[in-house]
Amino acid sequence: MEDRICDPACGTSGFLVAAGEYIKETYLGENGGYTHDKKARDHYHNRMFTGYDMDRTMLRIGAMNMMTHGISNPQIAYKDSLSDQNDDQGLYTKIMANPPFKGSLDYDRVATDLTKLTKTKKTELLFLALFLRMLKNGGRCASIVPDGVLFGSSKAHRDIRKEIVENHRLEAIISMPSDVFKPYAGVSTAVIIFTKTGAGGTDHMWFYDMRSDGFSLDDKRTPLKHSDIPDIIARFHARQEEQKRERTEQSFLVSKEEIVGNGYDLSINKYKKVEYVRVEYPPTRDIMASLPGHLQRTVGLWMPQPPRKAYQNSSGSRSEDLGVQSFFHGNWPAEEKAGLFFSSVGRVEIFDYKIAPSEPYF
């Protein structure tokens, strides 16, 4: 209950509200150990939660959101988190954030100690450097980042990944579906979880391929019965048992040595193995035998040749002259026209549609 939780890009304070609800239910509720602890309740209401943003409308909404959820005096303030205006250093035990993606700032607007760690104008990289500065030793961060942060090849991308892997303890990468933020954005993202140590500690890193967050992956975001989130929480807290998991499964561990050997690439696709299932197709003779009788009579005799096209015009059935001999017999009923594509490997694909006798099939 002595945690200090911060979101340096808080917006409407959604993460802080969710953290407050969890703490209230777990520690301050009827089953919690701090139900009648005045000191704990005072800390909860006045000092536990801090949020920064540069949009004054968002700040008002964020503060109101927290107060309506029972946090009487949240520390929600106007502040440019990436500038020298923010001098927070080593203050927080938890940081949860969804910082801006694809933003770019001028160097003169960015705090100099951040650009020393990663020389870049990209906000998604600067915020990771900021989290490391704002956390206490032993503090933990969970942040949403665009996938490019995990595998970007620029020096700035590699520097921030190397800093987290080598000098702190990188714990998990949770890959999320690309449409999880619809209808607002369709960018592919992941959750990166690490602990600030200042002395390394990365041993094995845990990957999880989230396929469902409990909502449909369209603009409506309709609630679904299945969600991977309970499984993610359970497996994250039992990561030591993931050693025997195969790379083809939804979650698995990767050693630090392998990550370093791959240039600190943290993309799940770099390490995940995909099983390919061989698909057997029936021979052409069987496909032909399965066609309706009138198509069998129309197709007649053909030899595997380079591709050609078949069409119907007012003078009857004929083939386009592409240097391929074929035989077509009889008139095709206008209501049962079909386009036939012959490939050199002996496969026939049928495209059924109605067409006037004088129009070409392709």
Any salt bridge linking [X] with [Y]? Criterion: basic side-chain nitrogen under 4.0 Å from a carboxylate oxygen.
X    : Y   : result
D42  : R47 : yes
R60  : D53 : no
R109 : D80 : yes

Does a donor on one side chain and an acceptor on the other come within less than 3.5 Å for [X] and [Y]?
X    : Y    : answer
S216 : D218 : yes
Q250 : D228 : yes
D231 : Y208 : yes
E242 : W206 : yes
S153 : R158 : no
T93  : D3   : yes

If every non-hydrogen atom of [X] is compared with every non-hydrogen atom of [Y], which pair is closest and at what distance?
X    : Y    : value
L135 : K196 : O-NZ, 2.8 Å
N86  : L130 : ND2-CD1, 3.7 Å
P74  : M67  : CD-CG, 4.0 Å
R221 : F215 : O-CD2, 3.3 Å
P8   : S81  : O-OG, 2.6 Å
F131 : C141 : CD1-SG, 3.6 Å

task: Would you check, one step at a time, whether the test side-chain contact (heavy atoms from CB on, under 4.5 Å) holds for T50 with R4?
output: CA-CA 8 Å; T50 301; R4 291 195 64 187; 3.9 Å; yes
Linking I/L/V/M/F/W/Y whenever any side-chain heavy atoms sit under 4.5 Å apart, do [X] and [Y] land together?
X    : Y    : answer
L150 : V260 : yes
F151 : I268 : no
F252 : V274 : no
F15  : V191 : yes
V180 : V187 : yes

Any side-chain heavy-atom pair from [X] and [Y] closer than 4.5 angstrom?
X    : Y    : value
T248 : K273 : yes
I76  : L16  : yes
T189 : V145 : no
L117 : D159 : no
L59  : M54  : no
N73  : H45  : no
L132 : E163 : yes
L91  : M134 : no

Say you draw a straight line from [atom1] of [X] to [atom2] of [Y]; how long is it, rounded to the nearest 0.5 Å?
X    : Y    : atom1 : atom2 : result
L170 : I193 : CG    : CD1   : 9.5 Å
H204 : L253 : NE2   : CG    : 6.5 Å
T68  : I61  : OG1   : CD1   : 11.5 Å
M210 : S227 : CE    : OG    : 7.0 Å
F49  : K94  : CZ    : NZ    : 11.5 Å
S154 : I160 : OG    : CD1   : 11.0 Å

[X] side chain vs [Y] backbone, donor-acceptor pair below 3.5 Å:
X    : Y    : answer
T195 : G138 : no
D55  : M58  : yes
R169 : T202 : no
S13  : C10  : no
N262 : E258 : yes
E171 : M205 : no
T118 : A156 : yes
K79  : Y52  : no
T197 : G200 : yes

- prompt: Quick one: does NZ or CZ of R239 land under 6.0 Å from the six-membered ring centre of F236, within 45 degrees of the ring axis?
  reply: yes
task: Please state whether the rings of F207 and Y271 are parallel, tilted or perpendicular, taking 30° and 60° as the class boundaries.
output: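 Rings of F207 and Y271: tilted, as their planes differ by 30° to 60°.
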- prompt: Passes side-chain contact (heavy atoms from CB on, under 4.5 Å), T115 versus T120? Steps please.
  reply: CA-CA 6 Å; T115 54; T120 183; over 6 Å; no
- request: Could you please spell out the steps behind the side-chain contact (heavy atoms from CB on, under 4.5 Å) verdict for I192 and I164?
  value: CA-CA 10 Å; I192 183 171; I164 295 173; 4.3 Å; yes
- prompt: What pairs of residues pass the ring-ring contact (aromatic ring centres under 6.0 Å, His included) test when at least one of them lies in residues 68-97, not counting sequence neighbours?
  reply: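 Residue pairs passing ring-ring contact (aromatic ring centres under 6.0 Å, His included), neighbours aside: none found.
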Y264 and its side chain to side chain donor-acceptor pair (under 3.5 Å) partner, picked from H157, K162, E166, R161: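 With Y264 as partner, side chain to side chain donor-acceptor pair (under 3.5 Å) holds for just one option, E166.
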- prompt: Under the side-chain contact (heavy atoms from CB on, under 4.5 Å) criterion, do L128 and V149 qualify, and how do the steps go?
  reply: CA-CA 10 Å; L128 288 177; V149 170; 3.7 Å; yes
- prompt: Counting heavy atoms not belonging to E246, are there more than 12 under 6.0 Å from its CD?
  reply: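 At most 12 heavy atoms, drawn from other residues, nucleotides or ligands, come within 6.0 Å of this atom.
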message: Are there over 12 heavy-atom neighbours, none belonging to K272, within less than 6.0 Å of that residue's NZ?
response: yes
field: Test ring-ring contact (aromatic ring centres under 6.0 Å, His included) applied to Y44 and Y27, step by step
entry: CA-CA 11 Å; Y44 176 84; Y27 299 103; over 10 Å; no
